[in-house]
Chemist: 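Here it is, the structure, as structure tokens.
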Amino acid sequence: MQSFSRRSVLAASCAAALCGSVRRAVAAPSLAPRPLVFAHRGASALRPEHTLASYVKAIADGADFIEPDLVMTKDGVMICRHEANIAETTDVAQRPEFASRKRSLSIDGKTETGWFTTDFTLAELKTLRAKERLARLRVHNTRYDGHFDIPTFEEMIDCVAAEAAARGRVLGLIPEIKHSTHFHALGFDPEAAFLRTIAAHNYTRTAPLEVQSFETGNLKRIGADVRAINPQARLMLLMGERKEVPPDLAARGEKTTFADLMTPAGLKDVRRYADVIGPSLTDLIPRDAQGNWLEPSSLVEDAHAAGLLVHAYTCRPENYFLPRQLRNGEGDAARNVAGSIADIRRYLDMGLDGFFTDDPAIGRIAVDQL
């Protein structure tokens, strides 16, 4: 692994000057040797996910990279939502003017019912307010329901660039292009929108950038274009359930599963178009039906042997998400900081290069203890 380029340092310095800061070089973080902390949907354990408040909290808590998940609006704008279905993350269900837009839609072979971003213009979506998705587990986050709107990708970039300038440190972006095959079937081109956006912003042309997708085809199509815009950019193939077929391959009737892609031969093929794999934590250490850790897999070692980095998802601080061996008996919704640190450290001991976390402050502690 190599350090971020000098261009990142110069870009951050320029941004600081534009914000009225002193014209001085800003030291860029190194990729080696410490694992990277990725803010999963921002600091989503502490603020409603994919809001500017969540992103800023993650930055304040020490994240190296901030993650925006990207979906399309009816008028072709990229916005930050984990799903095209906004039923669980906005107050759309309480808006009578949009009641008639509730419907069922098949996305990547699964039928969902709710309200979908492609049925709304950006102006309409801006009238909605974000809310906590995991309200039963994260009751404390519900106090922020209704406080924030849905940010566009461009607004998110500007937010991170401003925070980087104010804090004097370079922050990476790790965007995920969601549901590419689904959006193309509806007549959208998310990759074209994504490339236009990152090309239009100095920050995304020069800051650390890692592009994610659960699909293989779009990574193959845009890899050269992404690197032409930002030479230090990397591409990550996210890994879904082992028995599942990547959506773009499934749409073509192919049978290659994520499990096939996790084999040594599959990983060598992935390395032809990606720099990183993003497996789930249970791909690294499976769990039994009671949630107990089982024997670790060899996936990290196999990926490294193929020349791939491994950035796994998702570390969460609540007992509900931890392996049974680390739960503290205080209930599913209880924050278990000690258990979460132990969880992260176990994966880091396997050689993990980076990890997604809902609570970057805890992730920072775990890394700083190395």
Side-chain angles (χ1 to χ4, degrees), residues 38 40-41 44 49-50 67-90 92 101-120 125 133-134 150 153 174-195 210-223 226 235-263 266 269-270 273-274 276-283 311-314 356:
F38 301 115
H40 186 243
R41 314 180 198 180
S44 51
E49 66 185 47
H50 290 312
E67 181 199 39
D69 292 315
L70 304 174
V71 299
M72 304 299 295
T73 69
K74 184 177 183 179
D75 43 350
V77 179
M78 291 199 117
I79 61 170
C80 300
R81 291 287 91 184
H82 183 256
E83 302 292 347
N85 187 348
I86 54 174
E88 294 184 344
T89 61
T90 73
V92 66
R101 299 194 198 179
K102 185 177 184 180
R103 67 182 179 120
S104 295
L105 188 63
S106 178
I107 300 178
D108 297 342
K110 300 175 183 177
T111 299
E112 301 181 28
T113 299
W115 289 262
F116 299 90
T117 58
T118 46
D119 294 329
F120 294 80
L125 288 166
R133 181 176 62 91
L134 301 175
I150 299 173
F153 184 30
I174 185 161
E176 180 186 346
I177 301 174
K178 303 288 295 190
H179 308 305
S180 175
T181 295
H182 165 73
F183 286 123
H184 277 279
L186 295 178
F188 298 95
D189 189 339
E191 289 76 27
F194 176 79
L195 292 170
E210 187 164 312
V211 183
Q212 313 173 70
S213 178
F214 278 101
E215 304 193 17
T216 65
N218 59 348
L219 294 180
K220 293 175 181 178
R221 289 196 306 272
I222 69 171
V226 169
L235 282 80
M236 180 204 291
L237 177 65
L238 289 161
M239 300 291 200
E241 294 291 331
R242 287 177 176 262
K243 65 180 182 298
E244 293 179 349
V245 176
D248 59 315
L249 302 184
R252 299 202 301 264
E254 298 186 26
K255 304 298 183 183
T256 301
T257 65
F258 283 110
D260 296 326
L261 296 176
M262 292 182 202
T263 64
D269 184 62
V270 171
Y273 57 88
V276 190
I277 60 165
S280 71
L281 297 178
T282 54
D283 289 320
H311 295 158
Y313 65 91
T314 305
F356 290 87

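Just so you know, these numbers use all the heavy atoms, side chains as well, and skip hydrogens, waters and symmetry mates.
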Chemist: Are more than 12 heavy atoms, taken from residues, nucleotides or ligands other than K220, located less than 6.0 Å from that residue's NZ atom?
Modeler: yes
Chemist: Residues two or more places apart in sequence or in another chain: which of them pass side-chain contact (heavy atoms from CB on, under 4.5 Å) with L195?
Modeler: I198, I222, D225, V226, I229
Chemist: Quick one: which of R103, K74, R101 gives a side chain to side chain donor-acceptor pair (under 3.5 Å) with D119?
Modeler: R103
Chemist: Over all heavy atoms of both residues, which pair between S104 and T113 is shortest? Give the atoms and the distance, please.
Modeler: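 Distance-wise, the nearest heavy atoms are OG-OG1, 2.7 Å.
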Chemist: Could you tell me if the side chain of D108 sits less than 4.5 Å from the side chain of F214, heavy atoms only?
Modeler: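 Not touching, per the 4.5 Å side-chain cut-off.
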Chemist: Please give me the minimum heavy-atom distance between H40 and S44, naming the atom from each residue.
Modeler: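 The answer is O-OG, 2.9 Å.
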Chemist: So, taking the atom named CG in L134 and the one named OG1 in T89, what distance separates them when rounded to the nearest 0.5 Å?
Modeler: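 Those atoms lie 11.0 Å apart.
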Chemist: Rounded to the nearest 0.5 Å, what separation is found between the CG atom of L261 and the CG atom of L249?
Modeler: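 Those atoms lie 7.5 Å apart.
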Chemist: Of all the heavy-atom pairs spanning S180 and E215, show the shortest one and how long it is.
Modeler: N-OE2, 3.2 Å
Chemist: Contact between L105 and H182 at the side-chain level, heavy atoms closer than 4.5 Å - yes or no?
Modeler: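 Contact flag for L105/H182 side chains = yes.
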Chemist: Any luck finding a side-chain donor-acceptor pair between R81 and T117 under 3.5 Å?
Modeler: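 No pair is found: no donor N or O on one side chain lies under 3.5 Å from an acceptor on the other.
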Chemist: To the nearest 0.5 Å, how far apart are CG in D75 and CZ in F188?
Modeler: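 Answer rounded to 0.5 Å: 8.5 Å.
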Chemist: Which residue pairs pass the salt bridge (Lys or Arg N to Asp or Glu O under 4.0 Å) test when at least one of the two sits in residues 240-249, sequence neighbours left out?
Modeler: K110-E244, R242-D283
Chemist: Mind checking whether I79 and V71 have side chains closer than 4.5 Å, heavy atoms only?
Modeler: yes
Chemist: Could you check whether any side-chain heavy atom of F356 comes within less than 4.5 Å of a side-chain heavy atom of I174, counting everything from C-beta outward?
Modeler: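 Side-chain contact under 4.5 Å: yes.
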Chemist: Under 4.5 Å between any side-chain heavy atoms of T256 and T216, yes or no?
Modeler: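 No, side chains not in contact.
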Chemist: Compare all side-chain heavy atoms of Y273 with those of L235 and state whether any distance is below 4.5 angstrom.
Modeler: no
Chemist: How are the rings of F194 and F153 set to each other: parallel, tilted or perpendicular (split at 30° and 60°)?
Modeler: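 F194 vs F153 ring planes: parallel.
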Chemist: Crowded around E112 CD? As in, over 12 foreign heavy atoms under 6.0 Å?
Modeler: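 Yes, because the 6.0 Å sphere around CD of E112 holds more than 12 heavy atoms from other groups.
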Chemist: Is E83 close to H179 at the side-chain level, that is, under 4.5 Å between some pair of heavy atoms?
Modeler: yes
Chemist: Filter on salt bridge (Lys or Arg N to Asp or Glu O under 4.0 Å), then keep only pairs touching residues 182-192, sequence neighbours left out; what's left?
Modeler: E191-R221
Chemist: Nearest 0.5 angstrom please: I177 CD1 to L70 CG, how far?
Modeler: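 Interatomic distance, I177 CD1 to L70 CG, rounded to 0.5 Å: 7.0 Å.
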Chemist: Hey, what do you get for CZ (F38) to CD (Q212), rounding to the nearest 0.5 Å?
Modeler: 8.0 Å
Chemist: I need the single residue from E67, H50, H82 that forms a side chain to side chain donor-acceptor pair (under 3.5 Å) with R41. Which is it?
Modeler: H82
Chemist: If you compare all heavy atoms of E176 against all heavy atoms of D69, which two are closest, and at what distance to 0.1 Å?
Modeler: OE1-OD1, 3.0 Å
Chemist: Let me confirm one number: the OG1-CD1 distance from T181 to I107, rounded to the nearest 0.5 Å.
Modeler: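 With rounding to 0.5 Å, OG1 (T181) is 12.0 Å from CD1 (I107).
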Chemist: Can you name the closest pair of heavy atoms from P190 and H184 and give their distance?
Modeler: CD-NE2, 3.7 Å
Chemist: Identify the heavy atoms of I86 and V92 that sit nearest to each other, and give their distance.
Modeler: O-CG1, 3.9 Å
